[in-house]
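Read through the structure below, which is laid out as structure tokens, and then see the notes.
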Amino acid sequence: MTKIAFILLCHKDPKAIINQAVQLTSGGDCVAIHFDGRASGEDFDEIQRGLSANPGVTFARRRLKCGWGEWSLVEATIEAIRAAEKAFPDATHFYMVSGDCMAVKSAIYTHKFLAAENVDYIECFDFFESDWIKTGFKEERLIYRHIFNERTNRKLFYWSFDLQRKFRLTRDVPHDLQVMIGSQWWCLRRSTITAILKFIDKRPDVMRFFRTTWIPDETFFQTLVPHLVPEKEIRRRTLTFLMFSEYGMPVVFYNDHYDLLVSQDYLFARKISPEAKDLRLRLGQLYGSERDDFKISNEGRNLFKFQTNRGRTGQRFSPRFWEEITSVGRGREILVVVCKKWHVAKRLVQEASRLTGLPSLEYMFNEDRAPVPDLGGIQTTVEKRTRHRRALLRMLFEYFDSDRMIVCLDPSNVELMSDFDADRSTMRVLEVECEMSDDFLRGHATRVGLASDHSSGDLLERLLPAVRADLRLESDRLRDMGFEHFHRMRENGHEGENIAALVEFFGIKPDLAASINNSSSIFAD
């Protein structure tokens with residue numbers, strides 16, 4: 001008899017996780033949950049309380065702080081697998097899902113599907129020969145050691161990479177493994193899971209290798225399964241339906257996608273929008289239903305490509321998705337750090353990102369060269385970013401898979417802040433007030449074109465009071481906006497007041513706020 005142990009990795013929205021676990025266990029299956037260590041303990045306690053009476057739910061022994069592209073995602077998966085294997089000895093299959101995944105078939109249909117063949121379902125294609133990786137790093141993922149997180153420690157990530165490349169500090173792939181790559185959303189039999197856990201315990205050399213590869217959740221299990229399982233027992237596909245747009249972003253499904261999703265030749269789908277309440281309700285009810293009469297048309301990808309191609313040839317029958325997005329998204333928080341001294345704000349958010357794990361963007365609405373992920377063209381210029389600002393932020397939230405994000409803005413960007421404040425998302429503002437020396441004001445006057453390198457000293461001295469007054473006016477105007485969540489820290493302010501502002505702004509504990517505030521280099525010129 002088929003029984004699935006779902007391996008659920010999640011990091012937010014405890015009520016949704018409780019509902020998801022209840023839905024998945026309604027068909028007689030079970031769930032092992034790993035809740036990200038970066039999320040609050042209060043949220044985790046709520047999940048445990050909500051599911052304490054459900055015998056089909058267990059939890060990973062350790063809560064790891066997970067980061068995109070890091071080994072921590074694989075380690076968290078292994079922790080949940082070990083918990084599931086121990087708690088559910090009658091589970092026949094282990095199915096990897098996230099909080100954004102939902103079943104698009106009933107449990108009855110799903111069990112029949114899995115029982116029909118004694119095989120594993122996992123994408124696993126040759127890492128070097130296949131074209132699974134379309135752009136960016138390929139062999140560099142493996143032959144160099146990746147210690148830092150590319151999204152939260154971008155500068156250190158590329159500094160480390162450039163250093164290794166310069167001095168040719170490469171390494172070899174374990175000699176007896178053919179590295180494979182594919183989607184992280186797999187469904188494996190119990191016998192395969194047992195073989196993987198034994199391999200993990202016996203091969204510390206392989207574990208060390210993958211621990212410092214980049215994006216190992218796309219290579220670790222994908223490499224081990226064909227190494228341990230006969231080819232005839234592997235179906236090299238995922239059972240989770242997911243699509244990516246031409247801009248490299250995951251396609252998000254909403255309430256009107258129900259019929260499309262249930263007609264696909266898949267058992268689950270991602271990403272289901274958190275705002276698609278009706279879709280989530282219907283899919284949840286579907287999994288526990290008696291229905292098994294699904295008609296598979298499988299037109300989803302072709303329909304999406306058809307719509308996309310019409311756009312390329314000027315025949316779009318709807319605006320580009322970034323042109324029709326009118327909200328960043330309810331439940332998301334934009335943490336805006338406002339500072340006239342850009343280098344100060346950059347240091348502050350880098351330290352905050354390092355300590356909190358929050359993704360951050362540095363003055364992307366002010367500097368063309370500000371590092372922004374490739375989102376298909378919308379990010380290429382300040383003008384485009386500003387024009388499509390809400391869509392850009394929504395795409396960045398999805399890119400970072402986070403519901404909180406730090407953004408640096410110049411005090412002159414009050415129109416942007418006003419627009420974000422009017423959105424359904426939540427905006428928090430932290431003004432960082434710095435002392436403005438005469439040397440800084442002279443440099444500022446030159447940068448904005450009020451003076452040049454050849455301006456006389458007398459002219460500059462006459463300009464300084466006006467420039468100082470102008471900057472003070474920007475600060476006053478910012479405070480007059482009346483933002484609900486407005487906080488301020490000052491270079492020469494009282495330490496306790498600055499720490500309190502950081503606690504309220506980031507929603508962190510005082511000791512963490514003190515570490516950020518006491519970083520000696522933040523206010524240095």
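Keep in mind it's a predicted model, so treat the numbers as computed, not measured.
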State plainly whether the residues [X] and [Y] are in salt-bridge range, i.e. N to O under 4.0 Å.
{"X": "Glu497", "Y": "Arg488", "answer": "no"}
{"X": "Arg354", "Y": "Glu351", "answer": "yes"}
{"X": "Lys341", "Y": "Glu435", "answer": "no"}
{"X": "Glu46", "Y": "Lys15", "answer": "yes"}
{"X": "Glu415", "Y": "Arg389", "answer": "yes"}

**OP:** For Tyr399 and Arg394, run side-chain contact (heavy atoms from CB on, under 4.5 Å): C-alpha distance rounded to whole Å, both residues' side-chain angles, the deciding distance at 0.1 Å, then the answer.
**Re:** CA-CA 9 Å; Tyr399 175 84; Arg394 187 174 187 123; over 6 Å; no
Are [X] and [Y] packed together at the side-chain level, in the sense that at least one heavy-atom pair is separated by less than 4.5 angstrom?
{"X": "Leu478", "Y": "Met417", "value": "yes"}
{"X": "Val328", "Y": "Ile334", "value": "yes"}
{"X": "Leu242", "Y": "Val251", "value": "no"}
{"X": "Ile406", "Y": "Phe506", "value": "yes"}
{"X": "Asn518", "Y": "Glu495", "value": "yes"}
{"X": "Tyr363", "Y": "Lys346", "value": "yes"}

Subject >> Over 12 foreign heavy atoms within 6.0 Å of CD, Glu383 >> reply: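 Counting neighbours around CD of Glu383, more than 12 heavy atoms of other residues, nucleotides or ligands fall under 6.0 Å, so yes.
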Identify the two heavy atoms, one from [X] and one from [Y], that lie closest to each other, and give their separation to 0.1 Å.
{"X": "His494", "Y": "Arg490", "value": "N-NH2, 4.3 Å"}
{"X": "Lys384", "Y": "Thr380", "value": "CD-OG1, 3.5 Å"}
{"X": "Cys408", "Y": "Asn366", "value": "O-OD1, 4.4 Å"}
{"X": "Leu361", "Y": "Met405", "value": "CD2-SD, 3.6 Å"}
{"X": "Gln222", "Y": "Glu123", "value": "CG-O, 3.1 Å"}
{"X": "Cys339", "Y": "Cys434", "value": "SG-SG, 3.6 Å"}

Subject >> For Phe137, ring-ring contact (aromatic ring centres under 6.0 Å, His included) partners two or more places apart >> reply: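 Partners of Phe137 by the ring-ring contact (aromatic ring centres under 6.0 Å, His included) criterion, ordered by chain and then number, come out as Phe161, Trp214.
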**OP:** Sort out for me which residue in Glu431, Glu433, Lys340 forms a side chain to side chain donor-acceptor pair (under 3.5 Å) with Ser475.
**Re:**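 Of all the options given, the one that passes is Glu431.
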Using a 3.5 Å distance criterion without hydrogens, assess whether the side chain of [X] forms a donor-acceptor pair with backbone atoms of [Y].
{"X": "Arg280", "Y": "Gln20", "answer": "no"}
{"X": "Arg390", "Y": "Phe420", "answer": "no"}
{"X": "His34", "Y": "Leu64", "answer": "yes"}
{"X": "Glu140", "Y": "Lys138", "answer": "yes"}
{"X": "Arg63", "Y": "Asp36", "answer": "yes"}
{"X": "Ser160", "Y": "Leu156", "answer": "no"}
{"X": "Asn255", "Y": "Leu279", "answer": "yes"}
{"X": "Asn149", "Y": "Thr152", "answer": "yes"}
{"X": "Arg145", "Y": "Gln164", "answer": "no"}
{"X": "Ser353", "Y": "Leu358", "answer": "yes"}

Quick check on the 6.0 Å ring-centre criterion: do [X] and [Y] meet it?
{"X": "Trp186", "Y": "Phe221", "value": "yes"}
{"X": "Phe157", "Y": "Phe148", "value": "no"}
{"X": "Trp132", "Y": "Phe127", "value": "no"}

Subject >> Within 45° cone and under 6.0 Å: Arg282 NZ/CZ vs Tyr258 ring >> reply: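 Here Arg282 passes the 6.0 Å and 45° test against Tyr258.
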Rounded to the nearest 0.5 Å, what separates atom [atom1] in [X] from atom [atom2] in [Y]?
{"X": "Ile133", "Y": "Glu139", "atom1": "CD1", "atom2": "CD", "answer": "10.5 Å"}
{"X": "His343", "Y": "Ile522", "atom1": "NE2", "atom2": "CD1", "answer": "11.5 Å"}
{"X": "Asp100", "Y": "Arg270", "atom1": "CG", "atom2": "CZ", "answer": "5.5 Å"}
{"X": "Leu283", "Y": "Met102", "atom1": "CG", "atom2": "CE", "answer": "5.0 Å"}
{"X": "Trp185", "Y": "Thr238", "atom1": "CH2", "atom2": "OG1", "answer": "9.0 Å"}
{"X": "Leu393", "Y": "Ser425", "atom1": "CG", "atom2": "OG", "answer": "7.5 Å"}

Subject >> Candidate pair Leu392 and Thr386, rule side-chain contact (heavy atoms from CB on, under 4.5 Å), full reasoning >> reply: CA-CA 9 Å; Leu392 175 65; Thr386 302; over 6 Å; no
**OP:** Quickly, which of Ile499, Ile516, Val337, Asn498 forms a side chain to side chain contact (heavy atoms under 4.5 Å, CB included) with Met489? Name it, please.
**Re:**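 One option only clears the test, and that one is Asn498.
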Subject >> Phe35/Leu9 under side-chain contact (heavy atoms from CB on, under 4.5 Å): CA gap, chis, key distance, verdict >> reply: CA-CA 6 Å; Phe35 190 61; Leu9 266 57; over 6 Å; no
**OP:** Report yes or no: do Asp410 and Trp342 form a side-chain donor-acceptor pair below 3.5 Å?
**Re:**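 Yes, side-chain donor-acceptor contact under 3.5 Å.
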Original post:
Passes side-chain contact (heavy atoms from CB on, under 4.5 Å), Val503 versus Phe505? Steps please.
Top reply: CA-CA 6 Å; Val503 166; Phe505 177 69; over 6 Å; no
Subject >> Residues that Lys12 engages under side-chain contact (heavy atoms from CB on, under 4.5 Å), provided they are two or more places apart >> reply: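 Applying side-chain contact (heavy atoms from CB on, under 4.5 Å) to Lys12 gives Asp403.
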Contacts of type side-chain hydrogen bond (donor to acceptor under 3.5 Å, both in side chains), residue [X], not counting sequence neighbours:
{"X": "Thr212", "value": "Arg171"}
{"X": "Lys271", "value": "none"}
{"X": "Glu362", "value": "Gln350"}

**OP:** Please identify each residue that fulfils salt bridge (Lys or Arg N to Asp or Glu O under 4.0 Å) with Asp438, with sequence neighbours left out.
**Re:**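 Asp438 satisfies salt bridge (Lys or Arg N to Asp or Glu O under 4.0 Å) with Arg468 only.
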Subject >> Verdict with supporting geometry, Asp480 and Arg477, salt bridge (charged side-chain N to carboxylate O under 4.0 Å, His left out) >> reply: CA-CA 5 Å; Asp480 290 341; Arg477 184 171 54 167; over 6 Å; no
Original post:
Which is it for Phe220 and Phe209 under the ring pair (Phe, Tyr, Trp, His ring centres under 6.0 Å) test, yes or no, and what are the steps along the way?
Top reply: CA-CA 10 Å; Phe220 181 75; Phe209 173 78; over 10 Å; no
